[in-house]
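Heads up: the structure comes next, in structure tokens.
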Amino acid sequence: MSIMEYNGGSVVAMVGKGCVAIASDLRLGNQALGISSNFQKIFPITDHIYLGLPGLATDVTTLKEQFRYRVNMYTIKEEREIEPEAFAHLVSSTLYERRFGPFFIEPVMAGLTKKPSGEYKPFIAASDLIGCLNFAKDFVVAGTASSKLFGVAEGLWEPGLEPEDLFETISQTLLNAVDRDAYSGWGAVVHVM
Amino acid sequence: MDSSFAITGKGYAIVAADMTVSRSIVKMQYNEDKIKVLGSHLLMAFSGEPGDTVQFAEYVERNIRLAQIRNTYPLPPPSAASWIRRELADSLRSRSPYSVNLLVAGYDLSTHEPKLYWIDYLGTMATVPFAAHGYGSYFALSLLDRYHDPEATVEEGLATLRRCIDEVSKRLVVTPGKFKVKVVDKNGVREVEL
């Protein structure tokens, strides 16, 4: 019994052409017993950033509240919204603060960065439970179905997907991976930016 | 070994908890009230490690009361549940954590909706239409999947709860005995006999 698999749940994020998508299941369980089929693990951080927090459910809520606090403080001090790259490092340092008694969460981020030309550049990143960042160019996965998500995403994802096709790709990836994982499922949610 | 259940319906929430206090294989008491009334429209059923339960429940009770005295208005159910969750989550990573599982039920006077929160000793919180803790949850949850109706009247809700208690009494090796049942709706909190 691993503490990372105690409550179950999975998150996946993907890059498209000028767009990003992030999706998760909605299950909250106590090992094999399902408790809730409406447990959100993806949270909006700014208008251009979403954060997914799969892992131990108590830490999902605690970290959600902690990031809300820290992003609010950043916004007030800097008098501007936080950029996805800066937010990824905020996530990393927040987790590394607890290096020897970690939060049992593997965060997944998706966002859009505004370029000087005015167009938006897609951004995704994932981290382990102590804040080691992974800036991927294609897709990132985390949670109890991560091994299955890797396989399906590897098969379905392709570069340059338009928003509609990206939605279909990420939805099918999540749904098919989650169907092979007893600890994930019970509904799903997809966000496309 | 204690079991507690809660359901929401049309404009109300019902909470039920068994009334036995046991130590090892011996039943020590039959009439313990394990549902605290935290305010005019807020209930909390607690179970878990004996000692921790009452200690934590009284700590919550006094702090919810303090919030009401300070702010004139009582904490609405979502705020109260968030505060309680945070206390458990912080306690989990302290030197002496509380092992207490809770069902927090209330009627939100600002949205005119019943609210139910499932909270465990880790500080895991879920908003749910029905919930259970303890061995009873293994029987009651699947039964409620079949029979729970969010539009049911109080009478129908109590009948559904009766089914849960009957099922647990029938199938669980150790019968929980008597249950205390409390209802919260727009008129406040009241105790009912099943």
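The structure presented is a predicted model; accordingly, all values stated were derived computationally and were not measured. Proteins get letters first, then strands, A, B, ... in listed order; numbering begins at 1 in each.
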Legend entry - Option in A/Leu56, A/Asp59, A/Asn7, A/Asn38 with maximal non-hydrogen atom pairs under 4.5 Å from chain B: A/Asp59
Inset, instruction - Answer with yes or no whether the side chains of B/Arg85 and A/Thr62 bring together a donor and an acceptor at under 3.5 Å. - result: yes
Legend entry - Under 4.5 Å from a heavy atom of chain A, the part of B/Leu122 involved: both
Inset, instruction - Assess whether atom CZ of B/Arg162 is packed by more than 12 heavy atoms of other residues, nucleotides or ligands within 6.0 Å. - result: yes
Legend entry - Engaged part of B/Ser142 at the chain A interface, taking heavy atoms whose separation is under 4.5 Å: neither
Inset, instruction - Against chain A, label B/Phe130 side chain, backbone, both or neither, depending on which of its atoms sit under 4.5 Å from a heavy atom there. - result: neither
Legend entry - Side-chain donor or acceptor of A/Thr58 paired with backbone N/O of B/Ala89 under 3.5 Å: no
Legend entry - Atom CZ of B/Arg93 with >12 non-hydrogen neighbours under 6.0 angstrom: yes
Inset, instruction - Might you confirm whether atom CD of A/Glu154 has over 12 heavy atoms from other residues, nucleotides or ligands at distances under 6.0 Å? - result: no
Legend entry - Side chain / backbone / both / neither for B/Asp90 at chain A, heavy atoms under 4.5 Å: neither
Legend entry - Where B/Met125 and A/Phe39 come nearest, the two heavy atoms and their spacing: O-CE1, 3.4 Å
Legend entry - Reported CD1-to-OG1 distance for the pair A/Ile35 and B/Thr124, which is rounded to 0.5 angstrom: 9.5 Å
Legend entry - Residue B/Tyr12 excluded, over 12 heavy atoms near OH under 6.0 Å: yes
